[in-house]
Amino acid sequence: MPADVNNNSLDEGIMNNSGLPLLLNITYLSSVAGFGVLFFLLKEVSISLKKGSLIPENSIDYLSQIIIEIIAGLIMSEKISLIHPNRRLKQ
């Protein structure tokens, strides 16, 4: 994690950041949200493989889920920073 991504810059949220810190924060938050959705989809694909019901047409569904969930993760992180603006995580 870059030094520019810290509790202070994350607490400011997306709307109050600009420049390189904004880019780094969005990249960090997107990657964290992406990991969550990828682990979920890994389980779904595993279940589909066991059932023998995995078809190529599902790849469009999986891609749309990844994009939607990353956007949802960014929105949730912004909402949390608005609800608890002075809350700091212990380092």
Beyond-backbone contact of E69 with F40, side-chain heavy atoms, under 4.5 angstrom: no
Check which hydrophobic residues are tied to F39 through side-chain heavy-atom contacts below 4.5 Å, counting indirect links as well, and list them. F35
Please identify which of these residues, L41, I60, L38, meets the side-chain contact (heavy atoms from CB on, under 4.5 Å) condition with Q65. L41
Interatomic spacing from OH in Y28 to CG in L23 - rounded to 0.5 Å: 15.5 Å
CG (L49) and CD (E44) are apart, to the nearest 0.5 Å, by 11.5 Å
Note: A33 and G73 closest approach over all heavy atoms is CB-CA, 4.0 Å
Would a single hydrophobic cluster contain both L20 and L29, if residues Ile, Leu, Val, Met, Phe, Trp and Tyr are joined by side-chain heavy-atom contacts under 4.5 Å? yes
Contact summary for L74 and I26, nearest pair of heavy atoms: CD2-O, 4.2 Å
Hydrophobic cluster identity match, M76 and I68, side-chain contacts under 4.5 Å: no
If hydrophobic residues (ILVMFWY) are linked whenever their side-chain heavy atoms come closer than 4.5 Å, directly or via other members, who joins L63 in its cluster? I67, I71, I75
